[in-house]
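Remember, it's 1-based here, ligands and their atoms both numbered in the order they're listed. In this text, all values refer to a predicted model and were calculated from it rather than measured experimentally.
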Amino acid sequence: MNKIQAIRGMNDILPNETPLWLYFESTVQRVVGSYGYREIRFPVLEQTQLFKRSIGEVTDIVEKEMYSFDDRNGENLSLRPEGTACCVRAADEHGLLYNQQQRLWYKGPMFRYERPQKGRYRQFHQFGVEAFGMNGPDIDVELIMLTARLWQELGLTAHVRLEINNIGTSADRKEFGAALVSFLQAHEEALDADSKRRLGSNPLRILDSKVPSTQAILADAPVLAEYVSAQTKAHFAELTDLLDAAGIAYIVNPKLVRGLDYYNNMVFEWITDTLGAQGTVCAGGRYDGLVEQLGGRATPGVGFAMGIERLVLMLQELDLVPAALTQVIDVYVAIGEGMGAKAIALAETMRSALPALRVQLNCGGGKMNNQLKKAFNSGATHALVIEADEQGQLSQVKLRQLGDEPTTEQVPVNELLSKLKQHFPNA
Ligand code: ATP
Ligand code: MG
């Protein structure tokens with residue numbers, strides 16, 4: 001019988017990797033917590049309409065990438081392709097937005113039917129942050145600084161660059177889009193197929209094209225910067241002043257447009273060269289019209305999402321995984337003949353007294369020598385040998401420090417906890 005395998009583009013995250021994921025996630029949670037952000041959780045399934053109305057009917061995500069289906073009731077639902085629309089839906093539904101300020105974060109799986117490749121999957125994970133009720137640019141800078149702090153903590157600062165752009169209001173973009181289309185129509189024959197298709201649906205995305213011949217045509221195209229309104233220009237100028245004052249380096253990339261329709265004004269991406277083509281590890285911007293567009297009362301918003309797979313890949317490829325992450329046991333307990341119940345009890349006492357100590361019991365018996373081999377292979381720094389004395393009692397245990405030159409101490413049972421505290425002062 002052939003075995004059932006995982007769905008293409010959907011990854012299992014195995015125990016060797018979960019410590020790194022946990023390390024990444026707990027670091028981000030600590031950083032966003034230090035800015036006062038609070039977690040929100042929402043379902044992975046929503047009405048398809050939510051994404052059509054927010055991300056936009058003619059975006060790649062909605063046109064070709066969503067996992068949509070009719071449920072048994074005939075309602076059209078989609079697995080969430082991103083979190084911002086869901087976050088707005090949830091926050092507004094529960095009255096968190098109107099006349100309030102909110103700083104929120106979320107994390108979890110997202111689903112897009114894309115061609116799987118390195119850094120691009122069909123189920124992937126994002127860590128996202130959304131801030132509501134603040135017009136910026138102070139809050140915009142806060143979000144950027146928060147991400148910069150995260151790169152610092154993870155050791156990634158030298159490997160990422162910040163690109164920003166002002167994409168204006170949606171009215172600005174409409175006007176620019178019309179100018180761009182009439183310019184590109186004159187070169188339509190020379191455009192790549194994707195760009196030709198976008199000419200009629202989403203012309204701004206053509207700016208993003210990676211095809212060199214298309215990029216060559218774009219060299220003389222109208223530029224968005226000449227179409228953005230004075231008000232967004234002022235916002236952007238203040239933003240760059242604040243970034244300068246904070247000492248955060250950035251590149252203004254006039255071709256940076258995002259693939260989601262709800263963005264306006266300031267957009268940004270953190271990009272790396274270490275992952276090849278899938279270089280954007282964090283992307284976001286302002287979406288001041290989105291809440292209203294989804295039926296709420298007008299509320300300014302700004303946010304970003306990070307691709308966790310890409311950041312985990314970066315940490316691995318740059319050798320930035322802390323060595324301690326691979327060690328998951330501190331003490332391996334080897335158990336002599338007839339000592340099973342006593343060993344279980346002693347291990348429980350150890351876990352109660354030293355809550356951070358990681359204690360693993362040898363299960364399944366075996367010769368003492370084999371148990372010690374297992375202790376060595378477990379990665380534990382210490383083995384605890386529990387054997388009966390001549391009277392068949394447990395009076396002493398052996399605490400063996402593993403490693404290249406193992407040393408062994410005889411420890412009276414009633415002194416074991418204080419001895420362990422000496423060896424593991426942080427447990
Ligand atoms: P890209 O240009 O790489 O397709 P995007 O503009 O579609 O990215 P967003 O929707 O802004 O991406 O999502 C934010 C982040 O989520 C991206 O910068 C990336 O790190 C990550 N991401 C997006 N799509 C995928 C995917 N299919 N697989 C893995 N990570 C992804
Ligand atoms: Mg994409």
Side-chain angles (χ1 to χ4, degrees), residues 7-11 13 17 21 24-25 28 44 51 54-56 58-67 78-88 105-130 143-144 147 150-151 154 156 159-165 167 194 198 202 204-211 253 255-264 266-287 290 301-317:
I7 297 169
R8 194 164 121 82
M10 305 208 173
N11 300 318
I13 302 165
E17 283 194 311
W21 278 67
F24 174 79
E25 289 168 354
V28 194
V44 293
F51 304 112
S54 54
I55 299 168
V58 291
T59 56
D60 283 354
I61 295 179
V62 169
E63 274 189 336
K64 333 183 277 199
E65 297 177 0
M66 283 210 295
Y67 282 89
S78 294
L79 284 168
R80 60 186 187 194
E82 62 112 38
T84 303
C86 313
C87 185
V88 168
W105 66 263
Y106 61 85
K107 68 167 184 212
M110 305 295 161
F111 304 84
R112 296 186 196 176
Y113 193 82
E114 300 197 74
R115 194 169 69 77
Q117 52 198 292
K118 181 180 173 192
R120 193 178 293 291
Y121 312 103
R122 290 181 174 172
Q123 173 172 328
F124 62 100
H125 297 77
Q126 288 185 334
F127 193 106
V129 166
E130 317 289 352
L143 291 191
I144 290 172
T147 45
L150 178 65
W151 313 143
L154 295 171
L156 294 174
H159 307 279
V160 288
R161 63 174 183 279
L162 173 64
E163 296 193 357
I164 57 175
N165 193 23
I167 61 167
D194 249 357
R198 284 179 171 145
N202 198 352
L204 266 66
R205 278 295 268 183
I206 300 174
L207 299 180
D208 230 10
S209 167
K210 307 275 187 297
V211 180
N253 175 0
K255 295 208 176 115
L256 181 67
V257 291
R258 313 274 7 272
L260 302 88
D261 279 355
Y262 52 66
Y263 286 115
N264 69 293
M266 180 283 295
V267 296
F268 70 95
E269 288 192 359
W270 287 95
I271 300 168
T272 182
D273 292 326
T274 56
L275 296 180
Q278 271 58 250
T280 302
V281 292
C282 174
R286 295 205 65 88
Y287 47 83
L290 181 58
V302 57
F304 66 76
M306 293 184 265
I308 302 182
E309 280 82 357
R310 291 185 192 177
L311 285 156
V312 163
L313 261 173
M314 266 188 95
L315 292 171
Q316 287 169 330
E317 293 197 358

| Does some non-hydrogen atom of the protein lie less than 4.0 angstrom from atom 8 (O) of ligand 1? | no
| query | How close does the nearest protein non-hydrogen atom get to atom 21 (C) of ligand 1, and which residue and atom is it? | reply | Gly307 CA, 3.6 Å
| task | Output the distance between atom CG (Leu315) and atom CG (Leu154), rounded to the nearest 0.5 Å. | result | 5.5 Å
| query | Does ligand 1 have an atom that lies less than 4.0 angstrom from a heavy atom of Glu114? | reply | yes
| Tell me: protein heavy atom nearest atom 3 (O) of ligand 1, and distance? | Arg310 NH1, 3.0 Å
| Of the listed options (Phe124, Phe304, Tyr113), which comes nearest to atom 23 (C) of ligand 1 when hydrogens are ignored and any heavy atom counts? | Phe124
| If you measure from OG1 on Thr59 to OH on Tyr262, what distance do you get to the nearest 0.5 Å? | 9.5 Å
| Distance from atom 10 (O) of ligand 1 to nearest protein heavy atom, with residue and atom | Arg112 NH2, 2.7 Å
| note | min-distance protein heavy atom vs atom 29 (C) of ligand 1 -> Gly119 O, 3.2 Å
| note | Nearest heavy-atom contact between Ile55 and Glu82 is CD1-CG, 3.7 Å
| request: Would you confirm whether Arg286, through its side chain, and Met266, through its main-chain N or O, come within 3.5 Å as a donor-acceptor pair? | output: no
| Sub-4.5 Å side-chain heavy-atom contact between Met306 and Phe24 | yes
| Any idea which protein heavy atom is nearest atom 28 (N) of ligand 1, and the distance to it? | Tyr121 N, 3.0 Å
| message | Distance alone, cut at 3.5 Å: any donor-acceptor contact between the side chains of Glu269 and Thr280? | response | yes
| message | Suppose we measure from atom 4 (O) of ligand 1 to each protein heavy atom; which comes out shortest, and what is that distance? | response | Arg120 NH1, 2.8 Å
| said: Heavy atom to atom 5 (P) of ligand 1, shortest distance: which of Gln278, Glu65, Arg258 holds it? | reply: Arg258
| query | Of the options Arg198, Arg115, Arg112, which is the one that meets Asp60 in a salt bridge (Lys or Arg N to Asp or Glu O under 4.0 Å)? | reply | Arg198
| said: Within the 4.0 Å heavy-atom shell around Val281, which atoms of ligand 1 are there? | reply: 20 (O)
| Would a 4.5 Å heavy-atom cut-off, applied to side chains only, mark His125 and Val312 as touching? | no
| query | Should the heavy atoms of other residues, nucleotides or ligands under 6.0 Å from OH of Tyr67 be counted, would the total exceed 12? | reply | yes
| query | Do the charged groups of Asp261 and Arg205 touch, with an N to O distance under 4.0 Å? | reply | no
| Non-hydrogen atoms of Glu309 versus ligand 1: any pair closer than 4.0 Å? | no
| field | Closest protein heavy atom (residue, atom, distance) for atom 15 (C) of ligand 1 | value | Gln126 NE2, 3.6 Å
| task | Can you sort out which atoms of ligand 1 are near Thr280, meaning under 4.0 Å from one of its heavy atoms? | result | 17 (C), 18 (O), 19 (C), 20 (O)
| note | Numbered in order shown, the ligand 1 atoms found under 4.0 Å of a heavy atom of Ala305 are 14 (C), 15 (C)
